[in-house]
Amino acid sequence: MNSLLILISNFFISFSLTKFIIFPFKKLIPDYPNKRSAHKKIKPRGGGLAFILTNLISSSLFKQSNFIFLIPLSILSLIDDINDINQWIRFLMQTFTATYIVFSSNFFSSLDLSMNLILKIFLIILLIFISTAFINFCNFMDGLDGLLAGLIVVFLFSSITLIFGSVFGLIGSLLGFLIWNWHPAKIFMGDVGSNFLGGVFVWTILNTNEVSNSIVLILIALPLILDPFVCLLRRLIAKQNIFEAHSLHTYQRLIRGGLSERQVVMFYIFSSSSISLSFFYGGLNTEIVVALINLSFSILLEKNF
């Protein structure tokens, strides 16, 4: 089936399903604003269920990547949206999911069998640790209307020719959801959506055609992963509890500095898009230069706002 047709059909299914769940989820899974929130009114969360279900349906019909291995994490995350669960249970599920992704990935199957065993074990443990961190980073970045969904759409579009498997269905599902999640959002994706996208993010990086393509995708995702990474370092240096809720991410600081929510989201999406385009038009070296330019501009932007 034509990829564009799959994308469009998933767009309308996800759009309709998201619209359908907005009212009941506002009663069942309300998100009450607090001092860390960017929103001021009660809004429903858990909307990520719409694009997850849409992708599951289309994947079986149109031979798309189904991400069925993310169902346990998604179910636990939905429970977490409804009624907060222990953070260690959530972390263990994220680690279990990351472990499965690593061992089932194209990257793992391509590891040199003659590699030193200790080095191989170290590399696998490191990959699981980083993968778990990336899943959490996606969860951390779901703090502004359309931010995470927009960045993942750019990331998945960029990965189409670089990975094994097709993600057109998921891209269409996310675009349909994004209509309702764009500022001012009618619904939030919640932990069920952000953790699912975190798993997709890790799977995509580890299932490229070549290792160099994984580097390409990581550079494209710099606006997504660098913000929470720098924030984590800051909190560790300040000897703060890294598991405690906060509002110290760069995107949150920019909002407090006077930029509008829409401006901040567009800056992140434009930054990721420019890095992506630089690779496809100029190659890896050009991508690295553009990524460094974006990083420099981000530092200046934060210092000024």
Side-chain angles (χ1 to χ4, degrees), residues 1-20 47-71 74 101 104-107 109-110 134 138 146-182 189 193-194 196-221 223-224 268-270 272-284 287:
M1 190 173 184
N2 184 279
S3 298
L4 181 60
L5 186 57
I6 294 171
L7 190 151
I8 293 172
S9 63
N10 272 29
F11 171 87
F12 284 109
I13 294 172
S14 181
F15 175 87
S16 303
L17 187 54
T18 305
K19 181 181 180 181
F20 176 77
L49 189 63
F51 59 75
I52 293 172
L53 291 176
T54 301
N55 187 70
L56 284 174
I57 294 169
S58 69
S59 63
S60 59
L61 295 175
F62 307 136
K63 296 182 180 179
Q64 298 288 290
S65 299
N66 56 32
F67 303 109
I68 207 163
F69 55 86
L70 293 175
I71 287 180
S74 299
I101 295 173
S104 63
S105 68
N106 179 62
F107 182 85
S109 62
S110 64
F134 280 174
C138 288
L147 178 59
L148 179 59
L151 287 172
I152 293 295
V153 165
V154 173
F155 175 78
L156 290 178
F157 262 120
S158 305
S159 74
I160 287 172
T161 61
L162 306 178
I163 63 171
F164 293 100
S166 176
V167 291
F168 280 102
L170 181 56
I171 292 172
S173 303
L174 276 173
L175 288 173
F177 169 78
L178 192 54
I179 299 296
W180 299 104
N181 185 236
W182 193 253
M189 70 170 66
S194 60
F196 175 84
L197 293 181
V200 170
F201 177 70
V202 171
W203 177 89
T204 306
I205 290 174
L206 293 178
N207 283 281
T208 55
N209 302 325
E210 300 176 13
V211 174
S212 60
N213 288 335
S214 296
I215 297 172
V216 168
L217 291 178
I218 289 173
L219 288 172
I220 291 170
L224 172 62
Y268 274 77
I269 293 176
F270 174 80
S272 187
S273 300
S274 65
I275 298 172
S276 174
L277 290 172
S278 69
F279 168 73
F280 288 104
Y281 282 98
L284 182 58
E287 183 187 24

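Side chain of Ser166 to backbone of Gln64: no donor-acceptor contact under 3.5 angstrom is found. The main-chain N or O of Ser272 is never found under 3.5 Å from a side-chain atom of Ser276 such that the two would form a donor-acceptor pair. Judged by distance alone, with hydrogens and angles left aside, the side-chain atoms of Asn106 form a donor-acceptor pair with the main-chain N or O of Thr208 at under 3.5 Å. Under the 3.5 Å distance criterion, the side-chain polar atoms of Asn66 are left unmatched by any main-chain donor or acceptor of Leu56.
Applying the 6.0 Å contact sphere to CZ of Phe280 captures more than 12 heavy atoms from other residues, nucleotides or ligands.
Side-chain contact between Pro223 and Ile275 is present, with at least one heavy-atom pair separated by less than 4.5 Å. No side-chain heavy atom of Phe177 sits under 4.5 Å from any side-chain heavy atom of Thr54. In this structure, the side chains of Phe279 and Ser158 stay at 4.5 Å or more apart for every pair of heavy atoms. Two residues are said to be in side-chain contact when any heavy atoms from C-beta on lie closer than 4.5 Å; Leu151 and Phe201 fail this criterion. Val167 has its side chain out of reach of Val200: every pair of non-hydrogen atoms, C-beta onward, lies at least 4.5 Å apart. When side chains are defined from C-beta on, Leu224 counts as touching Ile152, because their heavy atoms get closer than 4.5 Å. A heavy-atom distance below 4.5 Å is not found between the side chains of Leu147 and Ile269. Asn209 places a side-chain heavy atom less than 4.5 Å from the side chain of Phe164.
If you take CG on Asn55 and CG on Leu170, they are separated by 4.5 Å, rounding to the nearest 0.5 Å. In this structure, CG in Leu219 is found 6.5 Å from CG in Leu284, a value given to the nearest 0.5 Å. One distance of note links OH of Tyr268 with OG of Ser273; it measures 14.5 Å at 0.5 Å rounding. Atoms NZ and OG, on Lys19 and Ser14 in that order, are 13.5 Å from each other to the nearest 0.5 Å.
With hydrogens and angles left out, the side-chain atoms of Asn10 and Ser173 include a donor and acceptor closer than 3.5 Å.
Relative ring orientation between Phe69 and Phe67 is described as perpendicular, the plane-to-plane angle rising above 60° on a 0-90° scale split at 30° and 60°. Ring pair Phe51/Phe196 is tilted by interplanar angle, where 30° to 60° counts as tilted.
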